[in-house]
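Structure, as structure tokens:
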Amino acid sequence: MAHPSQLGFQDAASPLMEELLHFHDHALMIVLLISVFVLYIIVTMITAKLTDKLILDSQEIEIIWTVLPAIVLIMIALPSLRILYLMDEINDPHLTIKAMGHQWYWSYEYTDYDDLGFDSYMIPTQDLAPGQFRLLEADHRMVIPMESPIRVLISAEDVLHSWAVPSLGVKVDAVPGRLNQTTFIVNRPGVFYGQCSEICGANHSFMPIVIEAVPLAHFENWTSLMMEDA
Amino acid sequence: MAGEEQENNNNKGFRLLGILDVQNTPCARDAILHGAGGSLAAGLLHFLATSRVKRSFDVGFAGFMLTTLGSWFYCRINNAKLRVQQRIIQSGIKNKIVYEGTVLDPTNKPGAETPSGPS
């Protein structure tokens, strides 16, 4: 989860998010250098004593300030397009989960297993145990096996919602009557938090997403327990 | 305790011009330091050669841009190659554990388990 007053991205938990962080660093370095350059030009122009009212054109500098920005844009676009196409690669998921948005909770259905489904409501602040996170904890977590490609089919039962988990680099709109798909792989075990990302009513801020990535053996134990309880 | 220390470290990340977190971005600190060094060297050498102050500042700035960019790309490319190698090694370790003791184990020597001939 994010720590207080965090400005940057959360640590990546999926290969795609790692690539996005890598690209973000690259883009920000270019942004920094352009900003420093503009600042230097401003200072130079303010402190210059020379003026020339008779300059009409200058082919050389116009070529430079056309070609250089084009090169910079290509340097940004090529990695960006690479990641864009990387996101759409087909990777044969091992597990499919349906995430349905409701007002104001998420429900998860593991249709690969018989009758495994549950609702995930936010734990109210007054019911939190010590160490739990306000507005982020849910009573039932979406448990998935780590290092396995997971397909999540996202839709909504009433109004627009959005299923987002920043540390996995996932944000997909939940549209009533439409099925959106995303796939991801979680690199490491842990608990990853997200929040509804499309305004959906009074409790839009109070329907978090909690993903718990566990080793496969633990996941199998969990599914057995859940099906017994059901 | 360790978590609090880590949070303190994260909070103290210094953002150059409020844009780039130099401490927590791989290669950023080295690139900026190399850029500063390159800028100083280029500007100073130009001034010593020409005694022109303003132009030396311009040359120093150009040196900063080029050195920073060059150091950044060199470091990031090496970083990317290391990450690829790390992933290959990780998947190799994982596969070794999965296939160990089976027919698919690459370390299995084909003649090791054949029974000895009649004495």
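To find a chain, count down the sequence lines: A is the first, B the second, and so on, and within it residues start at 1.
Other residues, nucleotides and ligands contribute only 12 or fewer heavy atoms inside 6.0 Å of the OH atom of B:Y74. For A:H218, the NE2 atom counts as loosely surrounded, since its 6.0 Å shell holds 12 or fewer non-hydrogen atoms of other residues, nucleotides or ligands.
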Stepwise side chain to side chain contact (heavy atoms under 4.5 Å, CB included) test for A:T44 and B:F57: CA-CA 10 Å; A:T44 307; B:F57 268 105; over 6 Å; no
Take B:R87 and A:E19 through the test salt bridge (Lys or Arg N to Asp or Glu O under 4.0 Å) and record every step on the way to the result. CA-CA 13 Å; B:R87 281 187 201 150; A:E19 293 294 325; 3.4 Å; yes
Check the pair B:T25, A:L28 against side chain to side chain contact (heavy atoms under 4.5 Å, CB included), reporting the backbone distance first and the verdict last. CA-CA 10 Å; B:T25 304; A:L28 274 197; over 6 Å; no
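A:I30 CD1 to B:L69 CG: the interatomic distance, rounded to the nearest 0.5 Å, is 7.5 Å. Atoms CG and CG, on B:L66 and A:L33 in that order, are 10.0 Å from each other to the nearest 0.5 Å.
Near-neighbour residues of residues 47-56 of chain B relative to chain A, defined by a heavy atom under 4.5 Å from a heavy atom of that chain, comprise B:K54.
Using a distance-only test at 3.5 Å, with no hydrogens or angles considered, no donor-acceptor pair links the side chain of B:R76 to the main chain of A:D25.
For A:H24, the ring-ring contact (aromatic ring centres under 6.0 Å, His included) partners at least two apart in sequence or on another chain are A:F9. Residues meeting the ring-ring contact (aromatic ring centres under 6.0 Å, His included) test with A:F23, sequence neighbours left out: none. For A:H26, the ring-ring contact (aromatic ring centres under 6.0 Å, His included) test picks out B:F73, with sequence neighbours left out.
With a threshold of 4.5 angstrom between heavy atoms, B:F64 approaches chain A through side-chain atoms but not through N, CA, C or O.
Among the candidates A:V36, A:L32, A:T47, the residue making the largest number of heavy-atom pairs closer than 4.5 Å to chain B is A:L32. For chain B, the option among A:L7, A:V31, A:L39 with the highest count of heavy-atom pairs below 4.5 Å is A:L7.
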